[in-house]
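To start, the structure itself, in structure tokens.
The figures that follow rest on heavy atoms only: side chains count, while hydrogens, waters and symmetry mates do not. In each ligand, atom 1 is the first atom listed, and ligand 1 is the first ligand listed. One is the number of the first residue; the rest follow in order along the sequence.
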Amino acid sequence: MPVHTPAAFPAARLRRLRRTSALRDLVAETAVTAADLIWPVFIREGRGVEEPIPSMPGVSRLSLDVMLRKAAEAHAAGVGAICLFPYTDQSLRTEDCAEAWNPENLTNRAIRLLKAELPDMAVMTDIALDPYNANGHDGFVVGQEIVNDETVAALVKMALAQCEAGADILGPSDMMDGRIGAIRHAVESAGYQKVAILSYAAKFASGFYGPFRDAVGASGRLVGDKKTYQVNPANRLEALRCVARDLDEGADMVMVKPGMPYLDICRAVKDEFGVPTFAYQVSGEYAMLAGAIERGWLGEAVMLESLLAFKRAGCDGVLTYFAPAAAKALRG
Ligand SMILES: NCc1[nH]cc(CCC(=O)O)c1CC(=O)O
């Protein structure tokens, strides 16, 4: 869109439209609303448990009863969707990752509970093996290698179990090649035509996932790094190829992750493809902001400012740990 060159001063005084909040709101180009937010939640076994995660101030692992109560509050405040991340019991983390497609695993029980009690809230899942893997990787490890096709077959089983439990949105976050096509084909064939896929399409090999790995209990386990499957942070065109590929294979929506350091990618994805585009404001971004807010180094307003940045960059929505607090702040 062409940017009009303002007339010379004093015909143009750009401050005229900044004078009052009514005028500012009238000409606001973008807005963030609670309905734009997806709330990522860490779940664990137990009852009445709220276990703080030290590297994510204000975020806790929740037992399913507490999760349900907080989900209902967030939903009442306007948050439309929740995304589940399990803290799997250490004894269930194995090299064959079989817990990942157990119909009764923590995530699948949480999906059933949410769909029974809060049917209008959209439930999104994560598809990757890391919460179930003895070595913390998103795929099977054979020798030194993260093997692709064997992992995809396991991800398909995981996806089908989540569909069976009632998931609305599948979120493959593993970055194996061919997983979107394989999952889409299996899900269609099994009769789950209505389930949407939000692909973690442009997912970078980032240092900003550190606190998340603490939260799901994978930090101490991860052997090596994820650079053979996640995208090099130096690469913009490769990220766009990932998005094109996932759309071709049947993704309904795509995600850029992390968010704030990759706003250029968000804008490029929206401009290039025009599809529903999401950003994940990841755990490390949350930790920076929440940690600084907690110490009084930054004001709370940076929360909504950071979310607005995603809308300005072309995103339709944001996955953010701030979702409940942001929804509350937006209500004033
Ligand atoms: N498949 C794992 C997964 N799904 C979401 C995140 C990160 C989210 C965050 O940092 O908030 C990760 C971590 C990783 O790839 O190591």
Is any side-chain N of the basic residue among [X] and [Y] closer than 4.0 Å to the acidic one's carboxylate O?
X: Lys194; Y: Asp168; answer: no
X: Asp252; Y: Arg184; answer: yes
X: Lys328; Y: Glu73; answer: no
X: Arg245; Y: Asp177; answer: yes
X: Arg61; Y: Glu45; answer: no

* Structure fact -> Lining ligand 1 at under 4.0 Å, by non-hydrogen atom distance, are residues Phe85, Asp126, Ala128, Asp130, Asp138, Ser173, Lys203, Phe208, Tyr209, Phe212, Arg213, Lys226, Gln230, Lys257, Tyr280, Val282, Ser283, Tyr321
* Asked: For the residue pair Tyr321 and Phe42, is the inter-centroid distance of their aromatic rings smaller than 6.0 Å?
  -> yes
